[in-house]
Amino acid sequence: MEGSLRVHIRLPSITCVVIALCALSQTVSAYLTEQPDYVKTCNINEPNFINCSTHAVQLLFNELPRGVPEIGLEPLDPLRVKRIKILQGAGPVNVNASLSNVTVVGFAHTKIVENRVDPVTYDFHTDLRLPRLRIDGRYVLLGRILVIPLRGIGQCWFDARNLEISAKSKVKMIKRGEFHFFSVQGITVKFQIGGLRLHLGNLFDGIKALEETTNAYLNENWRLVADSLNPILAKTIEDIMLDILKKVFDNVPADFLLMVSKKNLLKNSSLHDNLE
């Protein structure tokens, strides 16, 4: 249709939280130049746009866990992360910690509840659900959670169930060559979980009695622990999802995802210097 522009949109998934993603191999092209089957275009001016966009994002998330070699995206389930840095110094949590050699499992079962796109800014709001998110890795920890002082170096795991995640992604539209792309500027996440189990090995220099008692207390009071760790977990999920979105949006043209009129597209002030 003359005067129309097909622009593709892709959404978060909790996805995630997500974290360090794959690097482009030398044999991978700079970005997709042909629209694959798992990328669906939705017209932002159609009455059923939200339903279409929600379905489109679900299709994309169904594909991502297996990896997308065309854009150098390695499998997301399990997701490998070299390091996650954790620093929290207020409230009931005072923690200086890091996780290394991290494995994250659960993204393969992401359910996109709803995806909405702002017709002016093209920021998108995504509600998603994860039945389970498990994180395994090696930890280094010094700090306090609730009333418990913690110190340890060893293996750990966190197993969260029934996560409800709401993510808002701020984007700019840019043009590269003949295509438009979403440039992700940032992401904010709010979430709730329905259950949490965890284990920190080798606490207190391996004093087993203290280690077992502490882990039992943290698991018995998982709701308080989850609430206390909310800022840390939210920031971790934001970092992971930001990495995922940048990897996808840098390589999948927005034109494949979203169809809008050129007139509406020009309303986005960030485009004026980028459009031909």
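Computed over heavy atoms, backbone and side chain alike; hydrogens, waters and symmetry mates excluded. Residues take their numbers from the sequence shown, with the count starting at 1.
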> Step by step, would you call H180 with I174 a side-chain contact (heavy atoms from CB on, under 4.5 Å)?
Replying inline: CA-CA 6 Å; H180 296 84; I174 63 174; over 6 Å; no

>> As a quick check of understanding, evaluate side-chain contact (heavy atoms from CB on, under 4.5 Å) for C156 and R138, giving each step before the final call.
In response: CA-CA 6 Å; C156 69; R138 181 171 178 80; over 6 Å; no

>> With side-chain contact (heavy atoms from CB on, under 4.5 Å) as the criterion, how do T214 and L200 come out once you've worked through the C-alpha distance, each side chain's angles and the decisive distance to 0.1 Å?
In response: CA-CA 9 Å; T214 300; L200 301 171; 6.0 Å; no

>> Does F124 form a ring-ring contact (aromatic ring centres under 6.0 Å, His included) with F249? I'd like the steps, not just the answer.
In response: CA-CA 13 Å; F124 45 92; F249 284 149; 5.5 Å; yes

> Run the side-chain contact (heavy atoms from CB on, under 4.5 Å) check on M173 and Y122 step by step: do they pass?
Replying inline: CA-CA 8 Å; M173 191 82 75; Y122 303 116; 3.9 Å; yes

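Under a hydrophobic clustering in which Ile, Leu, Val, Met, Phe, Trp and Tyr are joined whenever their side-chain heavy atoms come within less than 4.5 Å, directly or via other members, L64 and Y31 fall into the same cluster. Hydrophobic cluster membership differs between V105 and L198, with clusters built from Ile, Leu, Val, Met, Phe, Trp and Tyr side chains linked at under 4.5 angstrom. In the hydrophobic cluster analysis, where Ile, Leu, Val, Met, Phe, Trp and Tyr join through side-chain heavy atoms closer than 4.5 angstrom, I207 is grouped apart from I153. Hydrophobic clustering (side-chain heavy atoms under 4.5 Å, transitive across Ile, Leu, Val, Met, Phe, Trp, Tyr) keeps I50 apart from L59. Put simply, V140 and L99 are part of two different groups of oily side chains (I, L, V, M, F, W, Y) that touch within less than 4.5 Å, one to the next.
At distances below 3.5 Å, at least one donor-acceptor pair connects side-chain atoms of T213 with backbone N or O atoms of A209. The closest donor-acceptor contact from the side chain of D123 to the backbone of V171 lies under 3.5 Å. In terms of modelled atom types and a separation under 3.5 Å, the side chain of D118 and the main chain of T121 share a donor-acceptor contact. Checked by atom type and distance alone, the side chain of Y139 pairs as donor or acceptor with a backbone atom of G201 at under 3.5 Å. Without hydrogens or angle criteria, E114 side chain to D127 main chain gives no donor-acceptor distance under 3.5 Å. Counting only distance, with no hydrogens or angles, the side chain of N101 and the backbone of G137 share no donor-acceptor pair below 3.5 Å. Between the side chain of D136 and the backbone N or O of V104 there is no donor-acceptor pair closer than 3.5 Å.
Contact annotation: the side chain of L32 approaches that of P253 to within less than 4.5 Å [non-hydrogen atoms, C-beta and beyond]. Contact of the N162 side chain with the I193 side chain is not registered, since no non-hydrogen atoms from C-beta on lie closer than 4.5 Å. Residues V117 and F49 meet the side-chain proximity criterion, which asks for heavy atoms closer than 4.5 Å. You'll find the side chain of T54 stays beyond 4.5 Å of the side chain of V113, heavy atoms only. Inter-residue side-chain proximity for F204 and L150 is flagged as met; some heavy-atom pair is nearer than 4.5 Å. Put simply, the side chain of V189 reaches to within 4.5 Å of the side chain of M241, judged on heavy atoms. Contact of the S98 side chain with the R83 side chain is registered, since non-hydrogen atoms from C-beta on lie closer than 4.5 Å. Contact of the K40 side chain with the H55 side chain is registered, since non-hydrogen atoms from C-beta on lie closer than 4.5 Å.
The salt bridge (Lys or Arg N to Asp or Glu O under 4.0 Å) check on R161 picks up D159, with sequence neighbours excluded. Residues satisfying the salt bridge (Lys or Arg N to Asp or Glu O under 4.0 Å) test with R129, not counting sequence neighbours, are E164. Applying the disulfide bond (SG atoms under 2.5 Å apart) rule to C52 yields the partners C42; only residues at least two apart in sequence or on another chain are considered.
The line from CD1 of I148 to CG of L203 is 9.5 Å long, rounded to the nearest 0.5 Å. Between the CD1 atom of I165 and the NZ atom of K190 there is a distance of 14.0 Å, given to the nearest 0.5 Å. In this structure, Q192 CD and N230 CG are separated by 9.0 Å, a value rounded to the nearest 0.5 Å. Separation of atoms CG (L163) and CD1 (I237) is listed at 6.0 Å; rounding is to 0.5 Å. The structure places NZ of K168 at 12.5 Å from CD of E238, a figure rounded to the nearest 0.5 Å. Rounding to the nearest 0.5 Å gives a distance of 12.0 Å between CG of L128 and CZ of F191.
Surrounding CG of N48 are more than 12 heavy atoms belonging to other residues, nucleotides or ligands, all under 6.0 Å away. The environment of Q155 atom CD is dense: over 12 non-hydrogen atoms of other residues, nucleotides or ligands sit within 6.0 angstrom.
Between the side chains of S183 and Q185, a donor-acceptor pair is found at a separation under 3.5 Å. Of the N and O atoms on the side chains of T103 and R80, at least one donor lies less than 3.5 Å from an acceptor on the other residue. No hydrogens or angles considered: a donor-acceptor pair under 3.5 Å links the side chains of T41 and Q35. Side-chain atoms of Q58 and N62 include a donor-acceptor pair closer than 3.5 Å.
Using a 4.0 Å cut-off between charged nitrogen and carboxylate oxygen, R66 and D77 do not count as a salt-bridge pair.
In this structure, H199 and W157 have parallel ring planes: the angle between them is below the 30° cut-off, well short of the 60° mark.
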